[in-house]
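One is the number of the first residue; the rest follow in order along the sequence.
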Amino acid sequence: MNDDCKTADCGSCKDEACCHRTTSRPEKMKSSLISRLNRIEGQVRGIKGMIEKDAYCDDVLNQIASAQAAMNSVSKLLLESHMKSCLINRIQAGEMEVVDELLKTIEKMMR
């Protein structure tokens, strides 16, 4: 954490954006995302249990694919929301660098 950072859980502040920007989300969307992430967390715990119990590889791989698809679904929802709110607001405020930021994020998502 650098001297200017007010967020104790930030960690390192190598990226100033890590702890200095936030997004307010409608309560319904936040609740939906949290529910999805809780289900994914359960899936991942289940996969760990499968490994601990020496489950058949193909069964484990299918569960991993399912968890990855669920994470992709969460990512798509967040991306859509980001583009419809944060991106538009920042462009209207003259912050054109947000386009490059989004392109880098999409590149990471496509790996």
A.B. asks: Should L87 and L103 be regarded as members of a common hydrophobic cluster, given that ILVMFWY residues are connected when their side-chain heavy atoms come within less than 4.5 Å of each other, either directly or indirectly?
C.D. replies: yes
A.B. asks: Do V44 and M71 make a side-chain contact, defined as non-hydrogen atoms from C-beta onward lying under 4.5 Å apart?
C.D. replies: no
A.B. asks: Should we say atom CE of M50 is surrounded by more than 12 heavy atoms from elsewhere, each under 6.0 Å from it?
C.D. replies: yes
A.B. asks: To the closest 0.5 Å, what do you measure between OG1 (T23) and CG (N89)?
C.D. replies: 10.0 Å
A.B. asks: Under 3.5 Å, side chain of T105 to main-chain N/O of E101, donor-acceptor pair present?
C.D. replies: yes
A.B. asks: Should we count CE of M83 as having more than 12 external heavy atoms under 6.0 Å?
C.D. replies: no
A.B. asks: Would you give the length of the straight line joining atom NZ of K104 to atom CG of D100, rounded to the nearest 0.5 angstrom?
C.D. replies: 6.5 Å
A.B. asks: Applying a strict under-4.5 Å side-chain criterion to I, L, V, M, F, W and Y, I'd like to know whether I106 and L78 cluster together.
C.D. replies: no
A.B. asks: Are I64 and M109 connected in a single hydrophobic cluster, I mean Ile/Leu/Val/Met/Phe/Trp/Tyr linked by side-chain heavy atoms less than 4.5 Å apart?
C.D. replies: no
A.B. asks: For N62, is there any backbone N or O sitting under 3.5 Å from a side-chain donor or acceptor partner on S66?
C.D. replies: no
A.B. asks: Between atom CD of Q68 and atom CG of N72, what is the distance when rounded to the nearest 0.5 Å?
C.D. replies: 7.5 Å
A.B. asks: Measuring only between side-chain heavy atoms, which start at C-beta, is V98 closer than 4.5 Å to L102?
C.D. replies: no
A.B. asks: Within this structure, what is the CD-CD1 distance for the pair E52 and I47, rounded to the nearest 0.5 Å?
C.D. replies: 12.0 Å
A.B. asks: Measuring from I51:CD1 to K48:NZ, what's the distance to the nearest 0.5 Å?
C.D. replies: 11.5 Å
A.B. asks: Working to the nearest 0.5 Å, report the span between CD of E97 and CD1 of I91.
C.D. replies: 10.0 Å
A.B. asks: Applying the side chain to side chain contact (heavy atoms under 4.5 Å, CB included) test to S32, which of K28, K30, R36, M29 qualifies?
C.D. replies: R36
A.B. asks: Within the structure provided, determine whether L77 and V74 are in side-chain contact (heavy-atom separation under 4.5 Å).
C.D. replies: no
A.B. asks: Is a salt bridge present between K76 and E80, judged by a nitrogen-to-oxygen distance below 4.0 Å?
C.D. replies: no
